[in-house]
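In each ligand, atom 1 is the first atom listed, and ligand 1 is the first ligand listed. Here the structure is a predicted model, which is why all the values come from computation and not from measurement.
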Amino acid sequence: MRPGESPLARHLRAATAPAHEALDHHALLAPLVTDALDEAAYGRALAALHAPQARLEAEVAGAIDALAPGYGFTRRVADLRADLAALGREPSDDSGIRTPGLATPAGLVGALYVLEGSRFGGAMIARHVRRVLGEDTPVRFFAGDGVGRHWRAFWDLADGLCGPADHAPAAAAAEAAFEAFRAHLDRCAEPADLPG
Ligand code: HEM
């Protein structure tokens with residue numbers, strides 16, 4: 001089976017499709033994959049992503065050794081900060097971010113799915129950003145490193161830790177992690193960016 005095609009993977013992808021769409025259609029992130037992207041919009045998107053990324057990574061790093069020793073979780077927030085510094089921008093502040101509970105295997109898998117999945121989808125964003133803004137644009141965060149290897153390792157872990165009864169709680173944790181991103185993006189957006 002290819003990574004990301006197990007029953008758990010199909011469940012998580014279907015359950016979180018609306019939450020993913022709320023992010024990829026969000027006023028702060030949608031420009032990332034348009035030809036109208038400029039450096040200011042790229043910097044705003046990275047700055048807004050910083051706080052939930054930093055918080056969720058810290059929570060996962062704190063929980064993972066008890067539940068999945070040897071996984072080799074790697075954080076990406078240093079790459080995000082390096083891209084921001086290269087663009088001359090400040091990261092967003094992470095106060096007020098609520099993340100899901102990660103003390104159970106299902107909770108950990110749900111939150112990790114959001115982090116590892118966004119690493120996986122980020123490769124496409126990096127290619128687009130470089131094409132529109134130029135090959136010298138700092139894209140360490142989106143381009144990632146060893147993206148396919150991380151994606152395979154994640155599904156090996158997730159499918160090993162979760163049985164059918166874990167599908168729903170893992171999806172709930174993933175939805176809560178997505179919601180932490182969405183709520184923070186809303187806080188970072190200008191009123192004119194938001195619907196209604
Ligand atoms: C403009 C913003 C975004 C775009 C255009 C985008 C695009 C994509 C794409 C194209 C994929 C599929 C990659 C592939 O199959 O090769 C993907 C997967 C994924 N992305 Fe995003 N993404 C965005 C933002 C985010 C954010 C902010 C997060 C989480 C914080 C996220 C989480 C995920 C997850 C979990 C998957 C895996 C879905 C699966 O199970 O296959 N994405 N994304």
Just checking, is any N or O donor in the side chain of R76 or S118 under 3.5 Å from an acceptor N or O on the other one?
yes
I'd like to know if the side chain of H26 pairs up with that of D186 as donor and acceptor (distance under 3.5 Å, no hydrogens or angles considered).
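Indeed, the side chains of H26 and D186 share at least one donor-acceptor pair under 3.5 Å.
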Looking only at protein heavy atoms, which one is nearest to atom 1 (C) of ligand 1, and what is the separation?
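Checked against all protein heavy atoms, atom 1 (C) of ligand 1 sits closest to L29 O, 3.3 Å.
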Which residue holds the protein heavy atom closest to atom 39 (C) of ligand 1, what is that atom called, and what is the gap in Å?
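Checked against all protein heavy atoms, atom 39 (C) of ligand 1 sits closest to R13 NE, 3.2 Å.
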I need the contact type for F178 against ligand 1. Using non-hydrogen atoms and a strict under-4.0 Å cut-off, is it side chain, backbone, both or neither?
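For F178, only side-chain atoms sit under 4.0 Å from ligand 1.
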Taken by chain and residue number, the protein N/O/S atoms under 2.8 Å from atom 21 (Fe) of ligand 1 read H20 NE2
With sequence neighbours left out, write down each residue that passes salt bridge (charged side-chain N to carboxylate O under 4.0 Å, His left out) with E21, or none if nothing qualifies.
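None.
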Set of residues satisfying salt bridge (charged side-chain N to carboxylate O under 4.0 Å, His left out) with respect to D35, sequence neighbours excluded:
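Salt bridge (charged side-chain N to carboxylate O under 4.0 Å, His left out) check on D35 returns R131.
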Under 4.0 Å from a heavy atom of [X]: give me the atoms of ligand 1 that qualify, with their elements.
X    : result
Y113 : 35 (C), 37 (C), 38 (C), 39 (C), 40 (O)
V33  : 5 (C)
M124 : 10 (C)
F181 : 30 (C)

Can a donor-acceptor pair be found, under 3.5 Å and without considering hydrogens, that links the side chain of D83 to the backbone of L80?
no
Any donor-acceptor pair under 3.5 Å linking the side chain of E116 with the backbone of H150?
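No, the answer is negative, given that no donor and acceptor are paired below the 3.5 Å cut-off.
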So, taking the atom named CZ in R182 and the one named CG in L185, what distance separates them when rounded to the nearest 0.5 Å?
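So the gap between those two atoms works out to 8.5 Å.
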Name the orientation class of the two ring planes belonging to F178 and Y113 (parallel below 30°, tilted from 30 to 60°, perpendicular beyond 60°).
perpendicular
Would you please name every residue forming a ring pair (Phe, Tyr, Trp, His ring centres under 6.0 Å) with Y71, sequence neighbours left out?
none
Polar contact flag for W155 and ligand 1 (N/O pairs, less than 3.5 Å)
no
So V129 and L37, do their side chains get closer than 4.5 Å, heavy atoms only?
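Counting from C-beta outward, L37 and V129 do come under 4.5 Å.
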